[in-house]
Amino acid sequence: NAGVTQTPKFQVLKTGQSMTLQCAQDMNHNSMYWYRQDPGMGLRLIYYSASEGTTDKGEVPNGYNVSRLNKREFSLRLESAAPSQTSVYFCASTELSYEQYFGPGTRLTVT
Amino acid sequence: DQQVKQNSPSLSVQEGRISILNCDYTNSMFDYFLWYKKYPAEGPTFLISISSIKDKNEDGRFTVFLNKSAKHLSLHIVPSQPGDSAVYFCAAREGNTGKLIFGQGTTLQVKP
């Protein structure tokens with residue numbers, strides 16, 4: 001089992017460009033999450049999907065959109081990247097709703 | 001307004017001694033508390049959890065204590081090992097939504 005995988009690992013964007021971060025899990029989990037980690041801020045929830053076909057906003061959803069493509073995949077899209085979106089992005093999944101399993105992260109820089 | 005706070009950004013201890021990491025919270029509706037460990041360039045990994053109806057949970061060298069009246073929890077690592085050097089995140093689960101709220105993290109350095 002690969003667990004939770006994320007692509008790409010690194011990305012540099014110019015302000016205004018768009019991109020999609022991909023996440024997939026092979027643990028047959030129902031719930032999936034997108035977080036961002038910034039220095040001194042911990043992990044903040046951007047969007048989550050409690051089950052296939054549903055998505056909800058988290059603490060910091062502005063500037064992002066998500067798609068729960070199927071049970072395995074949950075993508076995060078930046079339509080018009082801004083320097084404030086420079087961060088490390090983590091995807092996570094869970095079945096029990098508290099022990100979440102995290103991917104290795106995507107380090108995004110917006111110039 | 002931060003609902004889960006880790007007020008110590010860093011902690012340094014000697015190998016073999018006890019490490020104590022602290023976390024405070026404000027929301028009485030949290031039903032589970034968790035600790036995650038994170039190495040550089042990796043995702044966080046689950047370490048240990050405690051239900052809000054318990055006051056202690058132990059797993060090998062790791063023990064989590066919950067003081068509900070003080071809205072405080074702590075993670076004890078005994079004995080500390082150099083491989084424990086990492087960032088530790090405290091997290092609390094909202095009982096009604098299932099979402100996790102994370103603290104800012106504490107960087108633990110265990111010196112040989």
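Just so it is clear: chains get the letters A, B, ... in the order the sequence lines come, proteins before strands, and each one is counted from 1.
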> chain B: which of A/Arg44, A/Lys9, A/Gln37 shares the most heavy-atom pairs with it under 4.5 Å?
Replying inline: A/Gln37
>> For chain A, which candidate among B/Pro44, B/Pro9, B/Gly43 shows the most heavy-atom pairs at distances under 4.5 Å?
In response: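 Among B/Pro44, B/Pro9, B/Gly43, the one with the most close pairs to chain A is B/Pro44.
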> Taking A/Trp34 as the fixed residue, which of A/Leu21, A/Leu45, A/Thr55, A/Val60 is the one that meets the side chain to side chain contact (heavy atoms under 4.5 Å, CB included) rule?
Replying inline: A/Leu21
> Has the side chain of B/Glu94 got a donor or acceptor atom that lies under 3.5 Å from a matching backbone atom of B/Lys99?
Replying inline: no
> Are B/Lys5 and B/Asp24 within salt-bridge range, i.e. N to O under 4.0 Å?
Replying inline: no
> Under 3.5 Å, is there a donor-acceptor pair linking the side chains of A/Glu73 and A/Asn70?
Replying inline: yes
> Checking heavy atoms, do the side chain of B/Ala41, its backbone, both or neither come under 4.5 Å from chain A?
Replying inline: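 Interface part for B/Ala41: backbone (N, CA, C, O).
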